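Written below as structure tokens is the structure these notes are about.
For ligands, and for the atoms within them, numbers begin at 1 and follow the listed sequence. Please read all numbers here as calculations on a predicted model, not as lab measurements.
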Amino acid sequence: MTERATEHVTCLGCGCACDDIGVVVKHGRITQANNACALGAAWFGDGMVPAEIRVDGQAATLEKAIHKAATLLVRAKRPLVYIAGDVSCEAQREAVAIGDRLHAAVDSLAATAAAAVLAAQRRGRATATLGEIRRQADLVVFWAVDPSERYPRFTARYTGERRASRAVIGVDVGPSRGPRDSDLRVTIAPDDEVDALAIMRAIVAGRDLDAAERFESAVDLARRMMRARYAAIVADGEPSSAAADPDRAEALVALAQALNGPTRCALATLRAGGNRSGADAVLTWQTGFPFAVDFAGGTPAYRPARGARVLLAGGEIDAALVVGSPATLPEDVAEGLGGKSVAVVGPRASAATFGPGVAIDTGVAGIHECGTAFRMDDVPLPLRASLPGPPAALNVVRTIRERLGARTHE
Ligand code: SF4
């Protein structure tokens, strides 16, 4: 048979993790990804990925590469395990176990949304699944984000239905604008953003403020949100919003909490793809912390101010294991890995630009490998493979972990 269709495939092209994709394979290549947006279609591509295994730049056997990876890790004085994109939660769990065994620092792509995660840890967070927002919200406020750019199907899947009974408000903060087709637009100057959110919170709490006159549109928005039966605030948790006020995330968390008095309000944070929300969840199950976990003292310690970026920039790391696609690494992490003893196990590992000593190409979770991934609202979803591929990341990482032996507490 030269044509095969797989239904209910999950796309990891962005954090929406759409699980309604129909993948058609003809003559060993993906020819259709039905329901996928352009970003998702690009993520699936034709399903072809390299299947190389390299040690010191030369082709090698899988056995030799695994041996070399285990050796460089076990000899490291200050190892780092970094969880990159496009691997399943099952492979991520093995990576965390390696970090534990090595007394390593462990970090992941989840750190790209550190501001939102830390704000939620400090204050708690009033949130909901995207399914609940789709069913319940009669007012959706997109705060300085238009999902159509980096989360293309978010609106159609979660806020576009029942538009007649749901109002959409776009808040524009400098160049970060809400959706073009919003029913109402509110413009806030970037320097005023956090003050405006504080004023909105005060209005929700019933205070009458003189300063509120200067923030008339924000005050009107707060009052409109209080009148809603169920309001949702949608904000971007990812780096393109790094130019935003660093206190934005916390101010939004506080506003959403305050609104859960006069009405119901949920804060939804948009996350990028590659199963980074899974890395957050797996690290939290295994260690109690979502990113920047350090096992150096023998037990997991939370070091959010000393994650991979800081440790690499400070020259503290001498060897690293990257589990996941090197193309998804933040630029400064990829740069920091240059010149170190590094093993990469993941999709397109052989294309890593920082010259790893060991590169083992694996399949892509959700295309060649089954398992579990998390949507941006922390809902776990099954991954269905539609094509055979190179060795599975889970199997390779697990074998490296087994080679390292049991934890010794030396
Ligand atoms: S919206 Fe995101 S998850 Fe859905 S098909 Fe597009 S890229 Fe894939």
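Evaluation of the salt bridge (Lys or Arg N to Asp or Glu O under 4.0 Å) test over residues 285-300, restricted to residues two or more places apart or in two chains, returns Arg78-Asp294. Sorted by first and then second residue, the pairs that involve residues 299-355 and meet ring pair (Phe, Tyr, Trp, His ring centres under 6.0 Å), not counting sequence neighbours, are Phe289-Tyr302, Phe291-Tyr302.
Within the sub-2.8 Å shell of atom 2 (Fe) of ligand 1, the protein contributes these N/O/S atoms: Cys14 SG.
Qualifying side chain to side chain donor-acceptor pair (under 3.5 Å) partners for Thr269, counting only residues two or more places apart in sequence or in other chains: Arg125.
Checking side-chain atoms of Thr10 against main-chain N and O of Pro382 turns up a donor-acceptor pair under 3.5 Å.
Proximity of Val293 to Phe295: side-chain heavy atoms (C-beta onward) are separated by under 4.5 Å at one or more points.
Remark: Lys68 NZ is loosely packed, at most 12 non-hydrogen atoms of other residues, nucleotides or ligands lying under 6.0 Å away.
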